[in-house]
Amino acid sequence: MVGMSYAAVPLYRLYCQATGMGGTTGAGHGSERIESMQPVRDRVIRVTFNADVHSSMQWNFKPQQSEIFVVPGETALAFYKAKNPTDKPIIGISTYNVIPFEAGQYFNKIQCFCFEEQRLNPQEEVDMPVFFYIDPEFAEDPKMAKVDLITLSYTFFEAKEGQKLPLPGYQ
């Protein structure tokens, strides 16, 4: 039962990424798509940033900017800062979502610290970038017509080094 509760976070993240549910974003899109995008300059969107850590995670984690303004079809770069204030190394894994949830399908990450586990040594502090864009199709979706604020939120959980998660249906 303990193994299932530990596995719930990454399994839920994989499910949401695969289905686009829960405000998850697109990830790792090719450079061809990015180079051919046309910015929608008359549609400015405020993107705010949130950072949380699970109660058992001992890191300090926060966004370095509270908000930025972007237009669909243009790339943007934001940073989070994480610090391990303990005297032991800690590996963290993050989950993320976008609010409103419906905007998640248009929020695409090119590079992100959330794509893999992060190991911080004792007292280490790092900047964690997220490079993203909002798909220009966002501006054409009638359901997004009144959306001018998007929040990108991360929560870090402690990962256990060397622990392998079983694939569902395989023993």
Worksheet item: Does any non-hydrogen side-chain atom of Asn97 lie less than 4.5 Å from one of Thr95?
Response: no
Worksheet item: Tell me the salt bridge (Lys or Arg N to Asp or Glu O under 4.0 Å) pairs involving residues 37-55, sequence neighbours left out?
Response: Arg41-Glu74, Arg46-Glu67
Worksheet entry | Which residues share a salt bridge (Lys or Arg N to Asp or Glu O under 4.0 Å) with Lys81, sequence neighbours left out | Asp127
Item to complete: For Pro85, enumerate each residue passing the side-chain contact (heavy atoms from CB on, under 4.5 Å) test, keeping only those at least two apart in sequence or located in another chain.
Response: Asn60
Worksheet item: Mind checking what makes side-chain hydrogen bond (donor to acceptor under 3.5 Å, both in side chains) contact with Thr155, not counting sequence neighbours?
Response: none
Worksheet item: Residues in ring-ring contact (aromatic ring centres under 6.0 Å, His included) with Phe132, at least two apart?
Response: Phe107
Response to the item:
CE of Met37 to OG1 of Thr75, rounded to nearest 0.5 Å, is 6.5 Å
Practice prompt. Side-chain contact test, heavy atoms from C-beta onward, threshold under 4.5 Å: evaluate it for Thr151 versus Val47 and give yes or no.
Written response: no
Item to complete: Find out whether Ile150 and Val98 are in side-chain contact, i.e. whether some heavy atom of one side chain is under 4.5 Å from a heavy atom of the other.
Response: yes
Worksheet item: Does anything in residues 82-95 pair up under salt bridge (Lys or Arg N to Asp or Glu O under 4.0 Å), and if so which pairs, sequence neighbours excluded?
Response: Lys88-Glu158
Discussion item. Is the terminal nitrogen or CZ of Lys109 (NZ for Lys, CZ for Arg) located under 6.0 angstrom from the six-membered ring centre of Tyr133 and within 45° of that ring's axis?
Written reply: no
Worksheet item: What residues, two or more places apart in sequence or in another chain, satisfy side-chain contact (heavy atoms from CB on, under 4.5 Å) together with Pro122?
Response: Pro89
Discussion item. If you count heavy atoms of other groups shown closer than 6.0 angstrom to CD of Gln38, is the number above 12?
Written reply: no
Fill in: Those residues that, when tested against Ser56, pass side-chain hydrogen bond (donor to acceptor under 3.5 Å, both in side chains) (two or more places apart)
His54
Discussion item. My understanding is that only residues two or more places apart in sequence, or in another chain, count here; which of them pass side-chain hydrogen bond (donor to acceptor under 3.5 Å, both in side chains) with Thr86?
Written reply: Asn84
Fill in: Residues clustering with Val71 (ILVMFWY side chains joined when closer than 4.5 Å, directly or via others)
Val44, Phe69
Worksheet item: Does the pair Tyr154 and Phe49 meet the rule for a ring pair (Phe, Tyr, Trp, His ring centres under 6.0 Å), with working shown?
Response: CA-CA 8 Å; Tyr154 290 95; Phe49 302 92; 8.6 Å; no
Worksheet item: Taking C-beta and beyond as the side chain, do Phe113 and Ser94 meet within less than 4.5 Å on heavy atoms?
Response: yes
Do any side-chain atoms of residues 136-147 form donor-acceptor pairs under 3.5 angstrom with protein atoms, and if so which ones, sequence neighbours left out?
| residue | atom | partner | partner atom | Å |
| --- | --- | --- | --- | --- |
| Asp141 | OD1 | Lys143 | N | 2.8 |
| Asp141 | OD2 | Tyr106 | OH | 2.5 |

